Amino acid sequence: MAKNTVVQKILAKHMVSGEAVVGAPVAIKIDQTLTQDATGTMAYLELEAMGVKKVATELSVSYVDHNMMQNGPENRNDHLYLQSVAASRGVVFSRPGNGICHQVHLERFGIPGKTLLGSDSHTPTGGGIGMMAIGAGGLDVALAMGGQPFRLSYPKVIGIKLTGKLRPFVAAKDIILKVLSILTTKGNVGCVAEYFGEGVASLTVPQRATVTNMGAELGVTCSVFPSDEMTKKFLEAQGRGADWCELKADDDAEYDRVIEIDLNTLEPKAACPSSPDNIKTIAELEGLKVGQVIIGSCTNSSYRDLSVVAAMLKGKRVHPDVTLAIAPGSRQVLEMLARSGALADIIASGARILECGCGPCIGQGQSPANGTVTFRTFNRNFPGRTGTKGDEAYLVSPETAAAAALTGMATDPQKLGMDYPDFQEPEQFLADDSMMIQPPENGEGVEIIRKPTIGQPPLNNPLPEALDGVVVIKTQDKTSTDDIMPAGIHLKHRSNIPEYAKVVFERFTEPGKPSFAQRAAAIRDAGKHGVIVGRDSYGQGSSREHAAICPMYLGVKAVIAMAIERIHAANLINFGIIPFTFANPADYDKIDPADAIRIADLHGAVKAGEGVAVLEKADGSTVEIPVKTKLTDEDKAIILAGGRLNLK
Ligand code: MIC
Ligand code: SF4
C-alpha cells in the first residue's frame, strides 16, 4: 500500500541513482532549468567552458530581471551576452521588461510533477504549481542544462497541514511568516516543506507561490503544494490547461514531522529587522512610524496581489510622510492592471511605478533614508540589503503594506474599516509570449556577443597537500551570502570576478583597516591559504556562487562553521573550497581572527571526511580542533581537483 507524499512521488519519477532513504545521496533528472542575469552570465560561461553545445533539458529559460538599472554599460553588456549565448545553446530568452523569473516561470512554463532547477534561491516558487523546484548555484544549473542529474540528499518531509480559510485582510504572506516563526531560518537543511490538508483547496496558485517562494528562507530544499482543481483553473486561465495533471499525497502518507496551521486564526504579521524569522504580529507593532513602503518582488507581485492593493488605494492618497513604490512581477501583471483600470487607481494614489523586475529587493534603487522604517512585501531583510547601512526593513503582506502606505504607520489592515476587495482570479490571463525569444533549431552559427566586461570563470589550483592557513575572518550566526558578497550597487560586477572580489565581506570592513579582500590577497600572495570561520547557518540566503568564487579567487581554501547551508556548501565544493564543520561546536570560541591554522594531511582529511586542525595563537600556544566534512565520492574528487571546472 503506497504511502507517499507529493514530493516523494516526484522524486520517485526522477531518481536516476541512490536510495529513497532520508539523508542518502540521490541524483535526480532535471526537466527544466531557469537562470537570471545576475547568476546567469557565470552559469553560461561555465556551460561554455564545459563544452556543452546544446542544452539537454526539456526546457531552459534565461531571464533578465535583476540587473536592469543600466547604470554604466555592464548590465546591457550582460544582456547581450545572455541573449546571444541563449540562442547558441538552445535556451529560451526572456527579454528585460518581461518580469521576474519566478513569477514569469509560474505563469508561462511551470508544470505540475516536473523538476525545475534554477540559479536563484527562490526557484521553489514553482512548488506553488506542484513542481519540485530547487535553487542551486550557477554551475549546478549549467551541469543540469548539459543533461547531468542534480545531486541532493534524500529529504525529510515536513508536512504542513492547513485547516480553515484565510480571513479578509489576512494573506498568504502571513501563512509563511507563521511557518517561519515556528521553523525559523536555521536547522532545516535537508528537509522539504509539503503543504496538505483541507485548507489548501481555497488558496489560489499565486497565493501558494507566495508561500513556497518565501519557504526559501527556512533553508529547506524546496516547498511543494499538491496539484488540484485550483492548479487546473490557473493553468487553463494561462491557456496551458494541457500541462495540468493531478498530484496529491496518499491519504496515509507519512511525514517526518507535522505542523498544523489553522488559517482562521492567523493574524497579519511582519518579519522584523533584520531576519525573516524575527516575527511579530502587526498588532504588536501598531503605531510604528513608516517612511517607505514597497510592494513587489517574486514573493508578492502577482495580478492578485496588486489588484487587491489597487482596490485598497482606490480613491485615496498615500500618506504625505511615506513614499510608496510598486514593482509588478511581470509584464502580464502590468498589462492586465493597465487594462483592468487598477493601474490608474494605483497611479492616482500617488504610488511610484517601477519596472517589472527585482529592483529594490536586491538593493537596485529605493534605498530608504537613514533611521526610517521601510515596509516591504519582499522575502529578505538581511542587514544592509536595502542599500542603507543600519536599515530597518520589515517584511509584510501586500494588504499590510497598503495599510501602512495610507496611514503612515504600522496598521492592522483588518482595522482600516474597509470592505475586503472582492478579487476573483481571471478566467483568462493575458498570455503574450512575444517577449520570449525562442532559440533557433540549430544555434551553431550564432555569434556570441562578449563586450569587455564579460570575464571568464577563474580556475582554481588543485587542493594543496597541507593546509597552511590563516583565519581571514570570524563571523557570527546566520552569515548570509549577502554578507559575503554584497549585491546592490556592486551587482553589476557579477561577470567580472577580479572587480567583484574587491567587496567580499565589505560590510565588515572597519574604517581605516584593510578589507577582507586585501587581507586575503596578502595571505594568498605570501603562499598561504585563507580560512573563513563561521558559526551557525553559514551561507544562508541567496544562491549566488560568487560567495564561493570570489573567496576562492582570493585564495580561500576552507570554511569552518557550526553548520553550512545547502546551496552555499554545494557552491564551495564546486569551486574547490572545503566546507568543514566543527566536531565540537564549542571550539568556535577558541578561534580568533588572524590565528594560523594548519591541517598537515589535507587530502587525507577530505578523503576520510575528518581531520584535526592545529591552531597557532598569537602567543605561540597551539590548540587542536577536530573538524569534519560530509562529502560524496564525487565531491571529494571535485575538491581534490580544485573545483568542478578542473574535472573535464
Ligand atoms: C536574492 O534574492 O538574493 C537573489 C539576488 O535573487 C539571489 C540570486 C543572486 O544573488 O543573484 C538568490 O536569491 O539566489
Ligand atoms: Fe529578485 Fe528579490 Fe526575488 Fe531575489 S528575492 S529573485 S532579488 S525579487
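As the structure lists them, so they are numbered: ligands from 1, and atoms in each ligand from 1. Keep in mind it's a predicted model, so treat the numbers as computed, not measured.
Between His546 and Tyr500, the distance from one ring center to the other falls under 6.0 angstrom.
Remark: side-chain polar atoms of Ser223 are not paired, donor with acceptor, to backbone N or O of Gly215 under 3.5 angstrom.
At a threshold of 4.0 Å, the pair Asp37-Arg494 does not count as salt-bridged, since none of the basic side-chain nitrogens sits closer than that to a carboxylate oxygen. A salt bridge does not link Glu565 to Lys478: none of the charged nitrogens lies less than 4.0 Å from a carboxylate oxygen. We find that Lys492 and Asp78 are not joined by a salt bridge, their nearest charged nitrogen and carboxylate oxygen being 4.0 Å or further apart.
Between His122 and His102, the ring planes lie perpendicular to each other; the angle is over 60°, past the 30° to 60° tilted range.
Within 4.0 Å of ligand 1, heavy atoms belong to protein residues Gln36, Ala38, Thr39, His66, Asp120, Ser121, His122, Ile362, Arg380, Arg385, Arg494, Ser542, Ser543, Arg544.
Between the side chains of Asn300 and Thr377, no donor-acceptor pair is found at a separation under 3.5 Å.
Arg108 meets the salt bridge (Lys or Arg N to Asp or Glu O under 4.0 Å) test with Asp433; sequence neighbours excluded. With sequence neighbours excluded, the residues that form a side chain to side chain donor-acceptor pair (under 3.5 Å) with Thr57 are Ser60.
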| query | Under the ring pair (Phe, Tyr, Trp, His ring centres under 6.0 Å) criterion, do Phe575 and Tyr553 qualify, and how do the steps go? | reply | CA-CA 9 Å; Phe575 290 93; Tyr553 174 77; over 10 Å; no

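For atom 1 (Fe) of ligand 2, protein N/O/S neighbours under 2.8 Å (waters excluded) are Cys358 SG.
Less than 4.0 angstrom separates some heavy atom of Asn379 from each of these atoms of ligand 2: 5 (S).
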